[in-house]
Amino acid sequence: MIVTFWIVHSIVTSAIQHNGLLKQVLQSLVWKMGACICKDKTNTIDNRRGSNVVSSLMSSETSTRGQQSVQTDARIGTHVSTSSGGWREVKTVDALVLETLSVIRSLVDNEREPPQAMLYLQEVSESQSGWLQMVNSLIHSIPIEDPLGPAVVTLLLDECPLPTKETTLVLCEKMNLNNEEQGAKNQKKFCQIPRNIGVVLGCLAEKLAGPNSIALLTPRVLEYLLRNLEMSLPPVVILHSLVALEKFAQTSENKATINRALQRNSPNQIEDLEKWWQNSDYQKREVGFCAKWCLDNLFITEGHKFSHEAEDLSAVNVMLNSNDVSEYLKISPDGTEARSDASSFESVRCTFQVDSGIWYYEVTIITDGVMQIGWATKDSSFLNHEGYGIGDDEYSMAYDGCRQLIWYNADSKPHEHKSWKPGDTIGLLLNLEDKELKFSLNGQCLSPHKDLFDHAKGGFFAAASFMSYQQCEFNFGASKPYKYPPKDVQFKRFNDYASLSDEDKIILPRHKKLELLKSLKVQEDSCTLCFDNKATHCLLPCNHKGFCYKCSIQLEICPICRCQIAERVNSCDNDDRDIVKLNPTASKKRKHKKS
Amino acid sequence: MAGLPRRIIKETQRLMQEPVSGITALPDENNARYFHVTVIGPKESPYENGTFKLELFLPEEYPMSAPKVRFLTKIYHPNIDKLGRICLDILKDKWSPALQIRTVLLSIQALLSAPNPDDPLANEVADAWKSDESQAIETAKAWTQKHAI
């Protein structure tokens, strides 16, 4: 499970009530700390209030939490030199960002309150200057090496109010888009700022979609992102610039603008980057994967062959299922590699189901952030926007090598493996004879887990969930040998038993798939709710018709008149043999907090 | 995407063929469950002449659960908070699977014509509305000018 978003309002309120006098303390501090403002020319009244809130909030935190936030205490009220960006004001915002980053790793539950630091940032970002300060901190303080860094940028921008058009334009002006320090290309510091700018721009482009996204893609921003696709730059900078362009292209006008700019070169920069898609350097491979995806889905260039037309899949009998995946996950044209660049928690199952025997597959880790890789039945649902994935219900179980957890039923237990790194191999063994699961990291196996079999009896699929900017490759036994096959047990490979028709092997680019879907015709006598099945059932006592059986059992009250349903009758049969008695507990789907 | 339900395809087709006046809803090119929406401020409301952008998302359980809708354009309205979340019964407990994207958007348009400060989401705005309605309407007009035009 990943933490996606909280119901901000209620939580702010409850946090204030929770902490008793916090509100009063804050107010008095706002008065007392009036002097703690940087004398920057850009200060406005608004800005001043922003800084005050930050300082006072930080102080109240120290007063209530004592020694807990050692890292942040030292920074309170520190004035920052304006040399780096020219517009940084209060270092406390940096500290809040870093604290959010440090606690997010341990936050594994949507039900819990969000970290204090995040609540403060929400408050700070309500004013224009506060929001700009926060974005500035995201850009300057999120370190390059933390695998959760980009995900925290996404999370914070998601949690805070959206900027107005005016604010985005101010941001564009103030961002340092020059990369002056060309000499120090490979230094971490050099990567950090352009990487973070890429992440911030991408998130905003996605959030703002429409006129504001068009406004954000100024010629300067576009030139900057395109310049960052230069192959001699660090791959991590190229990657996040490319993903930002991809997200800008979600607005059609931007897509046209980017396409025009790309066509100035032939082959264009992205076509060059696509060559990296099987590079042995994992960072380059990420870039290659994204480039390939962009060329197939967004930046379609004349004369460039779609990848799904070029793949030889004759030896492949099992793939990641492009029809059994949440909507933003990207699957490679050969169906073995997947990646998410969305802020949701994207999941996928493979095409082959197993019900008995002993099965093994392997996964190569490309990125070291949060993924939950394991096994799931079809009953496991992908609630990507709520942050639920594989291991977050009673029908699936997963290994998470970033936070070092095993997930089952949305609950996690720590395991003793160290954190995974790009290039590591995860082994996943499903033993339906002894009813147990085994997970291994580079051949080192954990003790077996049996919980999954309490509810799930058969119909298992290899499955995985991905947090933003995560990628891995699956080996179901088609061509590459396994690196760490279990020695103590006789297992089977999916690829030796599965089969797929040539048609089912084609992973179509999204635009083609949508075209195909939209040309579908709907039958006249379809269920008025789902249009998938025939309308066969009638609700009693109100007698409203036009529903299929599947929909009718999910209803408790009539969708037309809101009358309580007592019976569902098959209106096609004239005799009433086929009466379905009301059983709300069995038919109701699992409910989630977010509604 | 996990086999798009026919219901969504049908609704999308109809939105394209028979658009609703003052409302546009375009599916995202990459995600058929995500719609880019604009609602024109109704005549004789403080939002007149404004173009308000919203996002609408159809969750996996749709139509058994309501679409998620949010204002992206800032708006001064007692039933819409600063994050753009909307307090509207049919989006919550009064949802019915017989309702559609089209009917939801019409309801939102109607909410702009008839703010309801007695069931507020944005408390401060609701208080302002109740204590001095003409001033609140002026503020709403000013916000419309600033953010929606």
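Residue numbering restarts at 1 for every chain, and letters A, B, ... go by the order of the sequence lines. Predicted model only: the values in this text are computed from it and were never measured.
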* **A:K255, NZ atom: more than 12 neighbouring heavy atoms under 6.0 Å** => yes
* Asked: Nearest 0.5 Å, what's the OG-CD distance between A:S381 and B:E61?
  -> 7.0 Å
* Which atoms of A:L298 come close to chain B, meaning under 4.5 Å heavy atom to heavy atom: side chain ones, backbone ones, both, or neither? -> side chain
* Min side-chain heavy-atom separation B:R7-A:S526 under 4.5 Å -> no
* Among all residues two or more places apart in sequence or in another chain, which pass the salt bridge (charged side-chain N to carboxylate O under 4.0 Å, His left out) test with A:K247? -> A:E206
* Using non-hydrogen atoms only, which part of A:C160 is less than 4.5 Å away from chain B: side chain, backbone, both, or neither? -> backbone
* Asked: How about A:K207 and B:L72: do any of their side-chain heavy atoms sit closer than 4.5 Å?
  -> no
* Structure fact -> When rounded to the nearest 0.5 Å, the distance separating SG of A:C527 from CZ of B:R6 is 12.0 Å
* **Pairwise distance NZ(B:K10) to OG1(A:T528) - rounded to 0.5 angstrom** => 10.5 Å
* Asked: Which atoms of B:F57 come close to chain A, meaning under 4.5 Å heavy atom to heavy atom: side chain ones, backbone ones, both, or neither?
  -> side chain
* Asked: Heavy-atom count around B:E124 CD within 6.0 Å, excluding the residue itself: above 12?
  -> no
* Atom of A:L208, atom of B:K53 and distance for their closest heavy-atom approach -> O-CE, 4.0 Å
* **Distance (rounded to the nearest 0.5 Å) between A:K550 NZ and B:M64 CE** => 9.5 Å
* Sub-4.5 Å side-chain heavy-atom contact between B:P59 and A:H385 -> no
* So which part of B:P97 gets closer than 4.5 Å to some heavy atom of chain A, the side chain, the backbone, both or neither? -> both
* To do: Tell me, please, which residues at least two apart from A:D341 pass salt bridge (charged side-chain N to carboxylate O under 4.0 Å, His left out).
  => A:K330, A:R339
* Structure fact -> salt bridge (charged side-chain N to carboxylate O under 4.0 Å, His left out) filter on B:R14, not counting sequence neighbours, yields B:E18
* **Residue A:K534 excluded, over 12 heavy atoms near NZ under 6.0 Å** => no
* **Spacing of CD belonging to A:Q122 relative to CG belonging to B:L83, to within rounding of 0.5 Å** => 7.5 Å
* Which value, rounded to the nearest 0.5 Å, describes the distance between A:L555 atom CG and B:S96 atom OG? -> 8.0 Å
* Asked: Should B:R70 and A:L162 count as side-chain neighbours, where that means a heavy-atom distance under 4.5 Å?
  -> yes
* Asked: Are there residues of residues 139-149 of chain B that reach to under 4.5 Å of chain A by heavy atoms, and which ones?
  -> B:K146, B:H147
